[in-house]
Amino acid sequence: MGKSSKDKRDSYYRLAKEQGWRARSAFKLLQLNSQFNLFEDATRVVDLCAAPGSWSQVLSRTLPPTSTIVSLDLQPMTPLPGVTTLQADITHPSTLPLLLQHLGNKPADLVISDGAPDVTGMHDLDEYIQSQLLLAALNLATCVLKPGGGFVAKIFRGRDVAVVFAQLRCLFDRVTCAKPRSSRGSSIEAFVVCEGYSPPAGFKPSLETPLGLGMKFPESRKRASAGPDGKDKEEEHLVDGVREVKLEEPGGEEEDGQEAKYIASFIACGDLSDFDSDATYALPEVDEHGQKWKSKDPIQPPTAPPYKTALEMRRQLGGGSGGNMSTS
């Protein structure tokens, strides 16, 4: 993020630099934790799509020193004390044994992901790509989470977001959509907080068969619609190999005969006295030491930004380039 007037007046941007965070997104995880106590009893945590590392910073500062924290990203990330950083693809099968090795071959208590694609401005496309990234993170999470564990990930709230909620609800006891106060209200981003990992019987997570695609569940999970040959009638009509999963919620069917849909609760996180992320505030006259306030440089510029080639081309043409910092 450049040093424009609006950037200077973004309170969370300033606070991130003053408190030593790599990005303002650190406050999002802090506010989510204040609402859901995510870090309670968490000793093994995995941070997916971690660069530039603000969420990993929160973990390293908050969790006990004996905790195991593993961070993954396709981009290189500057090391953090107490955090194991891996440059790996969360969708590649070779990533799982590497991750388990650094977890001591023990299941994780919590998996978090603040990953997001480079938005195009076409909301339907952005929402779809983000949901695929979320499901990729979820698939890896199911391979390492312990029963009862938690999963937190960024989501774009769009027209079809209820489908993602329903998929998550198949694997967790509680699914909540949360909007931290540090997340701009004008943004469609929010976070799904999934608690109580409880996969269906017979579910075997694997990076080679994402989310059990094409798996056959035990006879006990067959529905009453089975035909004379014992095969489930609906199983014979898969669309692109995807099986429909019905949730049995209290109350059963709706009055009109339609099956009830799962609707995730929506919670706004953060104290009402916190800064409004969409508002601008007057710049302070003095800093915490009583000196005239000056804008500080970003704590950790991107190690290998995707726009690096563009900056080099501009430099060759005689154009300038300014510092940058993640705005997540």
Side-chain angles (χ1 to χ4, degrees), residues 12-13 15-90 92 94-116 137-138 140-146 148-154 180 182 191 193-195 197 269 296-305 325-328:
Y12 290 103
Y13 172 78
L15 287 175
K17 295 193 295 183
E18 292 169 3
Q19 297 180 14
W21 300 113
R22 292 188 175 185
R24 65 191 300 282
S25 55
F27 295 103
K28 301 174 186 178
L29 183 57
L30 290 169
Q31 291 171 352
L32 288 171
N33 180 55
S34 68
Q35 179 70 38
F36 296 96
N37 294 321
L38 300 172
F39 305 153
E40 186 177 10
D41 301 325
T43 58
R44 288 182 297 277
V45 183
V46 178
D47 183 9
L48 304 177
C49 308
S54 60
W55 277 26
S56 294
Q57 266 190 304
V58 172
L59 295 174
S60 64
R61 293 187 185 184
T62 308
L63 298 181
T66 55
S67 301
T68 300
I69 306 170
V70 184
S71 301
L72 285 84
D73 200 287
L74 275 175
Q75 298 292 332
M77 195 173 84
T78 304
L80 283 165
V83 179
T84 301
T85 58
L86 304 175
Q87 188 174 356
D89 184 350
I90 64 173
H92 199 280
S94 63
T95 300
L96 179 56
L98 180 65
L99 177 56
L100 290 173
Q101 176 186 349
H102 287 281
L103 287 173
N105 291 315
K106 296 180 180 179
D109 303 306
L110 176 67
V111 176
I112 60 178
S113 174
D114 190 31
L138 172 65
L140 181 56
T142 60
C143 297
V144 299
L145 268 180
K146 72 174 185 180
F151 175 70
V152 179
K154 179 181 290 186
S182 52
F191 294 87
V193 180
C194 308
E195 303 170 277
Y197 177 55
C269 304
K296 297 182 179 179
D297 291 326
I299 301 301
Q300 179 59 58
T303 306
M325 178 180 178
S326 173
T327 61
S328 300

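Hydrogens, waters and symmetry mates play no part in the numbers below; they use all other heavy atoms, side chains included.
Checking side-chain atoms of R44 against main-chain N and O of S67 turns up no donor-acceptor pair under 3.5 Å. Checked by atom type and distance alone, the side chain of N33 pairs as donor or acceptor with a backbone atom of L38 at under 3.5 Å. A donor-acceptor distance shorter than 3.5 angstrom exists from the side chain of S60 to the backbone of Q57, with no hydrogens or angles considered. Of the possible polar contacts, none joining the Q87 side chain to the M77 backbone as a donor-acceptor pair under 3.5 Å is found.
Annotation: the span from L138 atom CG to C194 atom SG amounts to 7.0 Å, rounded to 0.5 Å. The line from CD of Q35 to SG of C269 is 4.5 Å long, rounded to the nearest 0.5 Å. Interatomic distance, K146 NZ to L103 CG, rounded to the nearest 0.5 Å: 12.5 Å. The CG atom of L96 sits 11.5 Å away from the CD atom of Q101 when rounded to the nearest 0.5 Å. For the atom pair CG (L140) and CG (L72), the distance works out to 7.0 Å, reported to the nearest 0.5 Å.
Look at K28 and D114 and you find no salt bridge, because none of the NZ, NE, NH1 or NH2 atoms lies under 4.0 Å from a carboxylate O.
Between T68 and V45, every side-chain heavy-atom pair lies at or beyond the 4.5 Å cut-off. The side-chain heavy atoms of L110 and V46, taken from C-beta on, include no pair separated by under 4.5 Å. Between F27 and L32 there is no side-chain heavy-atom pair separated by less than 4.5 Å. Using a 4.5 Å cut-off on side-chain heavy atoms (C-beta onward), I69 and L63 make contact. W21 has its side chain within reach of V58: a pair of non-hydrogen atoms, C-beta onward, lies under 4.5 Å apart. Contact of the L86 side chain with the L98 side chain is registered, since non-hydrogen atoms from C-beta on lie closer than 4.5 Å. For the pair L59/I112, a side-chain contact is recorded, criterion being any heavy-atom separation below 4.5 Å from C-beta on.
The minimum heavy-atom distance between G115 and C49, with the atom names listed, is CA-CB, 3.4 Å. Scanning both residues, G53 and L80, for their nearest heavy atoms gives O-CD1, 3.6 Å. Here the shortest heavy-atom pairing between S54 and A26 reads OG-N, 3.8 Å. Nearest heavy atoms, A116 versus K154: CB-CD, 3.9 Å. When all heavy atoms of P79 and R22 are compared, the closest pair comes out as O-NH2, 3.1 Å.
Taking the six-membered ring where tryptophan is involved, the planes of W55 and F191 are tilted, since the angle between them lies from 30° to 60°.
Looking only at atom types and distance, the side chain of D47 has no donor-acceptor partner in the side chain of S113 under 3.5 Å away. Between the side chains of S71 and T85, no donor-acceptor pair is found at a separation under 3.5 Å.
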Walk me through whether I90 and T95 qualify under side-chain contact (heavy atoms from CB on, under 4.5 Å). CA-CA 6 Å; I90 64 173; T95 300; 5.6 Å; no
T142 vs Y197, side-chain contact (heavy atoms from CB on, under 4.5 Å): CA-CA, chis, key distance, verdict: CA-CA 8 Å; T142 60; Y197 177 55; 3.5 Å; yes
